[in-house]
Each structure stands twice: as C-alpha cells, then as structure tokens.
Trainee: 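What follows is a structure written as structure tokens; I'll ask about it next.
By convention in this document, chain letters (A, B, ...) are assigned in the order of the sequence lines, proteins followed by strands, and residues within each chain are numbered from 1. As a basis for the values below, the full set of heavy atoms in this structure was taken, side chains included, without hydrogen atoms, waters or symmetry mates.
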Protein chains: 2
Amino acid sequence: MSRVPALPPPEAAAAATGACPALDDFDRHLLAFVQQDCTLSAEHMGAAIGLSASAVQRRLKRLRAQGVIQAQVAVLDPARVGRGVTLLAGLQIDRDNYPVLAALRPRLAQDAAVQQAWYVTGQNDLMVVVQVANMAAYDAWCAALMQALPQIGRITTQVVIESLKRGLVVPVEAPV
Amino acid sequence: MSRVPALPPPEAAAAATGACPALDDFDRHLLAFVQQDCTLSAEHMGAAIGLSASAVQRRLKRLRAQGVIQAQVAVLDPARVGRGVTLLAGLQIDRDNYPVLAALRPRLAQDAAVQQAWYVTGQNDLMVVVQVANMAAYDAWCAALMQALPQIGRITTQVVIESLKRGLVVPVEAPV
DNA sequence: GCTGAAATGTCAATTAC
DNA sequence: GTAATTGACATTTCAGC
C-alpha cells in the first residue's frame with residue numbers, strides 16, 4: 001500500500017496562502033541552487049534535498065508567481081561582447097533641482113550602457129554602474145547625460161581596474 | 001540524400017575555431033534574448049530571428065563553451081528573502097599596506113553578504129555592494145571586516161534608498 | 001473522532017533538447 | 001531519440017469542529 005510516507009510540510013501551508021511568503025528549508029535550498037545555476041534539472045535538485053521532481057517544479061513555479069524569483073537570465077562576459085570597460089559614476093544633483101530625479105528614472109532605465117543604478121545617501125545622490133567599450137565612449141556618455149540634464153551638478157567617476165566579484169546572488173539563510 | 005540545405009554560416013566557422021569569438025547578428029540577437037529570459041525555447045527564439053531550433057541550440061551551446069555566456073541564473077527579490085538593505089561600501093587601504101588586497105580577494109569571494117566588488121581608481125581602492133537584513137547587520141559586517149584586516153583605513157558607506165535599475169545586462173550591439 | 005485543505009509521490013503525455 | 005517538464009490522480013498529514 002503505502003510506499004513512501006509523505007513528509008511533513010512544516011510551515012508550507014502558511015506560504016501557500018499567497019500573502020506571506022514564508023519560505024521553508026526546501027524553498028531556501030532550491031533558491032540557493034537556482035541562483036548558481038538555473039539549468040539544473042528538477043530531478044537533480046530534488047534528489048539532493050529529498051523531494052520528487054514534481055514537488056520541486058511546483059515550488060519553483062510558486063516562487064516565480066510570488067515574485068521571489070524575479071527572472072532567469074544568462075550572464076555574459078562583458079569583455080567578450082565588446083563592453084569590457086566598467087565605471088562607477090557618482091551623480092550629484094543641485095539642491096534646487098531635485099525634481100530632475102523623476103526625469104532620470106526613465107532615462108537610466110532605457111540607457112543600455114547603464115547596468116545598475118541606485119538612489120543613495122552620502123556624497124552622491126545616485127550611483128550608476130556603466131558598461132562601455134572604452135573611455136571615449138564613457139566620455140561621450142557623460143557629455144550626453146549632462147547635456148540632457150543640466151541639473152546634474154557633477155559626475156564623479158571611479159574606473160574599475162578589476163572586477164573581483166560579480167553577480168546578483170542574495171544569501172538565503174534561515175530566519176533564525 | 002540531403003533534405004535541408006545547410007544554412008550558410010557567415011563567420012560562424014571562424015568563431016567555432018574557439019579562438020576568436022566573432023559574433024554575428026544571430027548571436028547578438030540570441031544573447032539579447034537570453035539576457036532577458038533564458039527560459040525562452042530555442043524554437044521561439046529561432047522563429048523570431050529566422051533560424052531553426054537546432055541552429056539556435058548549436059549557437060547557444062557554442063556561446064556557453066566559449067565563455068561568452070558565463071552562467072544562467074535565477075534573480076531573486078532581495079527583500080523577499082530577508083536581505084532588503086543594500087549598501088555601497090568604499091574601502092580605502094593604507095598606502096603601505098597594499099599587499100592586503102591579496103588577502104581581501106578570497107574573503108570577499110566567500111562573504112555571502114558581498115554581492116559585487118570592484119577594484120577601482122579614485123577616492124576608494126575598492127567598491128563593494130553589500131546586501132544585508134538591516135543596518136545592525138551592516139555595522140557588524142564592517143566591524144568584522146576591519147578587525148580581520150586592520151590595513152583597511154576607512155570604510156565610506158552609501159546607503160541605497162532605492163534601486164532604480166538592477167541587473168547584469170550588457171548591451172550587445174554590432175561591432176561597427 | 002471525523003471532515004476538508006494542502007502537499008507529496010507516482011505515472012502518463014507532452015514538449016523541448 | 002532521449003531527457004525533462006507538465007498535468008492528473010491517489011495518498012498522507014495537519015487544522016478545525
């Protein structure tokens with residue numbers, strides 16, 4: 001009759017309500033896996049943590065639907081596609097021109113050279129990671145940005161000599 | 001005998017040699033696709049750019065083998081896994097202690113809170129993107145780092161108020 | 001002690017590689 | 001052609017009455 005005793009779902013019930021994304025240990029293990037390699041088969045991951053392939057698929061589907069998994073993407077080597085130069089641009093906005101931040105948002109989003117952008121506290125108002133082919137391209141990028149948005153008072157540049165760590169991996173530990 | 005006329009590989013032959021990764025328009029289109037969503041089927045992408053599914057799979061396999069595609073990963077929402085606070089830490093190393101950079105490299109690589117790290121020019125020697133649960137955790141992170149490596153003269157912190165753009169997408173345009 | 005919801009595992013069928 | 005994903009169904013566990 002019974003072949004395998006169904007394993008007890010700890011707080012899985014609460015997670016399925018949809019509202020509160022309470023992740024259990026299975027979820028955390030799966031998230032750790034797919035953050036490193038999302039091409040692993042459900043069977044492979046399930047065998048590693050003690051779940052069937054179907055259960056793994058269901059959980060990943062739920063995590064995608066809940067927005068915990070935002071996307072599954074390929075990471076390229078920038079140098080191999082002709083964008084080997086990375087820079088960190090610190091943007092300072094004049095005190096009286098803070099509304100320009102609203103205009104900056106769509107511009108940064110559409111700008112292919114902009115890889116990441118944060119609105120921050122401190123010396124700069126915005127920090128932008130820019131990926132270009134060479135310094136001339138960066139110079140042109142700065143010129144175009146400052147011409148389009150004169151409210152930008154200053155751009156402080158930090159040239160990346162070497163990228164020591166690159167990724168969007170977020171640690172998924174137990175909530176203690 | 002022959003059923004389907006072998007499709008003309010433009011500079012694919014040169015690329016397949018392994019040495020020179022000359023990307024053609026098909027490759028660039030595929031890279032643009034998979035950077036946004038690597039779960040798209042080969043058939044879907046092939047139909048969009050005029051290639052068979054098999055051809056798409058061959059090209060993607062080659063791009064992975066060449067290292068153009070470094071990885072395929074899931075991107076998580078940091079807030080949904082309890083790491084909603086992002087900071088940019090600027091590390092300054094004392095002039096006489098530059099060898100500490102060698103010790104920093106493995107430490108940053110193993111530190112789960114460190115998402116990205118660049119060795120840069122300018123005011124700071126290193127810029128580090130740190131992802132933590134709250135400011136207390138960041139304080140502890142700084143304390144641990146400075147205790148482990150006293151050669152770090154100063155850590156300048158920029159707190160991320162809002163992430164305007166997040167990703168590792170690299171534009172893949174024609175070489176021109 | 002019984003009933004209902006939720007999650008798992010197994011199997012078959014579809015799809016993609 | 002092979003492997004993996006998807007959907008359907010029976011079974012088990014837990015919460016509530």
Trainee: Rounded to whole Å, please give me the gap between CG in A/Leu63 and P in C/dA7.
Mentor: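 Atom CG in A/Leu63 sits about 12 Å away from atom P in C/dA7.
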Trainee: Within the distance-only criterion (no hydrogens, no angle test), does the side chain of A/Ser163 pair as donor or acceptor with the backbone N or O of A/Arg166 below 3.5 angstrom?
Mentor: no
Trainee: Answer yes if the side chains of A/Thr86 and A/Gln131 hold a donor-acceptor pair under 3.5 Å, and no otherwise.
Mentor: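 The answer is yes; a qualifying pair exists.
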Trainee: Does A/Arg58 get its side chain close enough to the base of D/dG7, under 3.5 Å, for a donor-acceptor pair?
Mentor: no
Trainee: Please report, rounded to the nearest Å, how far the C1' atom of C/dA16 is from the NE2 atom of B/His44.
Mentor: 14 Å
Trainee: How close or far is atom P of C/dA16 from atom CD of A/Glu43, stated in whole angstroms?
Mentor: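 The distance from CD of A/Glu43 to P of C/dA16 comes to 20 Å, rounded to the nearest Å.
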Trainee: Can you tell me how far P of C/dT8 sits from CG of A/Leu60, to the nearest Å?
Mentor: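 Distance, rounded to whole Å: 12 Å.
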Trainee: Taking A/Asp25's backbone N and O only, do any of them form a donor-acceptor pair with A/His29's side chain (distance below 3.5 Å, no angle check)?
Mentor: yes
Trainee: Starting at atom CD1 of A/Ile49, determine the distance to atom C1' of C/dG9, rounded to an integer number of angstrom.
Mentor: 14 Å
Trainee: Please determine whether a side-chain nitrogen of the Lys or Arg among B/Asp111 and A/Lys165 lies less than 4.0 Å from a carboxylate oxygen of the Asp or Glu.
Mentor: no
Trainee: For the pair made of CZ in A/Arg62 and C1' in D/dT6, what is the distance, rounded to whole Å?
Mentor: 18 Å
Trainee: What is the distance, rounded to the nearest whole Å, between atom CD of B/Gln57 and atom C1' of D/dT2?
Mentor: 13 Å
Trainee: By nearest atom, which of the nucleotides C/dT10, C/dT8, D/dA4 is closest to the A/Ser54 side chain?
Mentor: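 Nucleotide nearest to A/Ser54's side chain: C/dT10.
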Trainee: Any salt bridge linking A/Arg59 with A/Asp24? Criterion: basic side-chain nitrogen under 4.0 Å from a carboxylate oxygen.
Mentor: yes
Trainee: Tell me which residues in residues 33-42 of chain A lie within less than 4.0 Å of DNA chain D, going by non-hydrogen atoms.
Mentor: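 A/Ser41, A/Ala42, in order of number.
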Trainee: Does A/Tyr138 have any ring-ring contact (aromatic ring centres under 6.0 Å, His included) partners at least two apart in sequence or in another chain, and if so, which?
Mentor: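 Residues passing ring-ring contact (aromatic ring centres under 6.0 Å, His included) with A/Tyr138: A/Trp141.
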Trainee: Report the residues that fulfil side chain to side chain donor-acceptor pair (under 3.5 Å) with A/Asp77, sequence neighbours left out, ordered by chain and then residue number.
Mentor: none
Trainee: State which of D/dT6, C/dG9, C/dA7 makes the closest approach to the side chain of A/Arg59.
Mentor: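 Ranking D/dT6, C/dG9, C/dA7 by closest atom to the A/Arg59 side chain puts C/dA7 first.
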Trainee: How is B/Lys61 classified with respect to the nucleic acid when contacts are heavy atoms under 4.0 Å: base, sugar-phosphate, or nothing?
Mentor: nothing
Trainee: Tell me the interatomic distance from A/Leu30, atom CG, to D/dT5, atom P, rounded to whole angstroms.
Mentor: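 After rounding, the reported distance stands at 12 Å.
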